[in-house]
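The figures here come from the full heavy-atom set of this structure, side chains too, leaving out hydrogens, waters and symmetry mates. Keep in mind that what you see is a predicted model, and the values were worked out from it rather than measured.
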Amino acid sequence: MSQSPLSVTTSPSSMPINHPATSVDDYLSYIQVVMVNTTLPANIGSAARAMHTMGLSRLTVVDPKRPIDETSVSHAAGGHELLSAAVIAPTLESAIADCQLVFAASSRSRHMPRPVVTPTQAAKIIFDFIDSQSTYQPQTTAETAQDNIAGTRKPNIAILFGREDRGLTNEELAYAAYHIQIDANPAYPVLNVASAVQVIASFIFAYAQTHTQAATSPEADADSDKAVARSMIDMTLRQQWDEPAITQQQQQQLTERMTALLVQQGLADSAHLKSLPARLSRLGSRLQLDQKEYQLLSALIAKLLKDRLQSS
């Protein structure tokens, strides 16, 4: 069967999503798969096929070594339309700048660990986050207009997948609030990147089906939540939001400003920061800041920096 010429989107896609989510498709539309620095175009196609099979439709490819090509299309099978709509991003930072929640698939523990979750636990965190974001309602016309312009009022969740040969770097893993690990043979717990996408996506799709049945069968949803709760790690998730969550870009900006403040106050050495930025980033993930809290902290840091400059 012949394929139409392949076109790839190179700018961020618009996301006309109704809020809150009510169907499986609604929930899954908030989730994007981000593949980082892939080597083989065929793996991008296989990942697209895996996504399509499990209802995911948003694919971002960061700085691929080789572009999407006809081998990608042949491996994508029924998911070839995801390749045409794929976003090609120059950097991981730009790919997830407007995301409020980021996960990373990783088979190993790293120096600066984040909470490690199973695919099922990740799915629950994702859906709880989407539901909690739906509690926010603009209070003024100005806020509604700002929502439409900035797009920050819609949940935007990314799951990062690394290179075929070595996965994600420590710096890339630091962008994620949670690391997803798939149960596998401890002697060789390494999956092909497309296989990892398939496994994680299948858990998310299964959870989506159960979660959306709550409207018609609350008992079934309660049973599912109890089953997941038995395997959940000890963590606190923010449940009520009177303002939307900050984006990954804002989290990174806050980390940079905090680092600059600590250096200016003589509490850190700019030439020997070591793991300080990563620790501040992890702290920010735990705080789960909203937009107003971000503005307050930013204003406080700016004031402290200015006062220090004026006094010196």
Side-chain angles (χ1 to χ4, degrees), residues 34 36 62 89-104 106 109-117 125 129 132-133 136 143 146 150-160 168-180 233-312:
V34 180
V36 179
V62 176
T91 65
L92 178 56
E93 187 176 40
S94 64
I96 61 174
D98 60 349
C99 294
Q100 303 105 336
L101 183 60
V102 179
F103 294 81
S106 176
S109 297
R110 300 301 178 108
H111 166 64
M112 189 62 60
R114 299 298 176 97
V116 176
V117 297
I125 293 169
F129 179 79
S132 68
Q133 286 293 288
Y136 167 77
E143 286 184 345
Q146 182 180 359
T152 58
R153 308 307 188 187
K154 300 171 183 175
N156 194 7
I157 300 160
I159 305 176
L160 313 182
L168 295 162
T169 66
N170 287 338
E171 290 75 16
E172 291 162 349
L173 285 167
Y175 283 110
Y178 303 96
H179 294 170
I180 304 174
I233 60 176
D234 185 18
M235 66 175 67
T236 301
L237 298 177
R238 182 169 181 168
Q239 297 298 319
Q240 299 297 325
W241 295 79
D242 56 354
E243 287 286 328
I246 64 172
T247 65
Q248 177 60 37
Q249 183 179 47
Q250 290 171 319
Q251 177 66 60
Q252 184 65 22
Q253 290 171 346
L254 194 60
T255 297
E256 292 171 356
R257 291 166 186 167
M258 281 290 295
T259 302
L261 178 61
L262 290 171
V263 169
Q264 187 196 61
Q265 297 292 325
L267 300 174
D269 184 350
S270 60
H272 301 90
L273 293 176
K274 297 182 180 179
S275 59
L276 176 61
R279 290 190 180 279
L280 290 174
S281 176
R282 185 171 63 178
L283 174 62
S285 296
R286 289 174 178 168
L287 292 176
Q288 303 174 57
L289 296 173
D290 65 27
Q291 293 289 331
K292 291 293 186 184
E293 292 161 347
Y294 167 77
Q295 292 170 9
L296 288 170
L297 283 176
S298 296
L300 175 61
I301 293 170
K303 181 68 165 59
L304 291 172
L305 288 169
K306 181 179 179 181
D307 288 349
R308 180 76 175 187
L309 288 172
Q310 291 176 344
S311 63
S312 61

Exercise for the section: Spell out, as yes or no, whether a donor-acceptor pair under 3.5 Å connects the side chain of Gln252 to the backbone of Gln249. Expected result: no
Handout entry: Heavy-atom side-chain proximity of Leu280 to Leu262 below 4.5 angstrom
Key = yes
Handout entry: Exercise: identify the closest heavy-atom pair between Ala95 and Ala89
Key = CB-CB, 3.7 Å
Handout entry: Minimum side-chain heavy-atom gap Thr247-Asn156 below 4.5 Å
Key = no
Problem - Distance-minimising heavy-atom pair for Leu273 and Ala268 - result: CD2-CB, 4.3 Å
Fill in the blank from the handout: Between the OG atom in Ser275 and the CZ atom in Arg282, the distance rounded to the nearest 0.5 Å is 8.5 Å
Practice task
Would you name the heavy atoms of Pro155 and Gln133 that are closest together and state the gap between them?
Solution key: CG-CB, 3.7 Å
Practice task
Locate the shortest heavy-atom distance separating Pro115 from Ala177; write the atom from each residue and the value.
Solution key: CD-O, 3.3 Å
Fill in the blank from the handout: With sequence neighbours left out, the residues meeting side-chain contact (heavy atoms from CB on, under 4.5 Å) with Ala104 are Leu160, Leu168, Leu173, Ala176, His179
Practice task
Could you tell me the separation between the CD1 atom of Ile159 and the CD1 atom of Ile96, rounded to the nearest 0.5 Å?
Solution key: 12.5 Å
Handout entry: Least distance between heavy atoms, Arg114 atom then Ala278 atom
Key = NH2-O, 3.6 Å
Problem - Leu254 side, atom CG; Ile301 side, atom CD1 - distance, nearest 0.5 Å - result: 5.0 Å
Practice task
Name all pairs fulfilling the side-chain hydrogen bond (donor to acceptor under 3.5 Å, both in side chains) condition that reach into residues 258-267, sequence neighbours left out, sorted by first residue then second.
Solution key: none
Fill in the blank from the handout: Nearest heavy-atom approach of Thr255 to Pro277 is CG2-O, 3.4 Å
Problem - Side-chain donor/acceptor of Gln248 to backbone N/O of Leu101, under 3.5 Å - result: no
Handout entry: Rounded distance (nearest 0.5 Å) linking atom CG of Leu267 with atom CG of Leu261
Key = 8.0 Å
Problem - Spacing of CD1 belonging to Ile246 relative to CD belonging to Gln100, to within rounding of 0.5 Å - result: 9.5 Å
Completion exercise
Rounding to 0.5 Å, atoms CG (Leu276) and OG (Ser270) come to a distance of 11.0 Å
Exercise for the section: Determine whether Tyr294 and Glu243 make a side-chain contact, defined as any pair of heavy atoms from C-beta on separated by less than 4.5 Å. Expected result: no
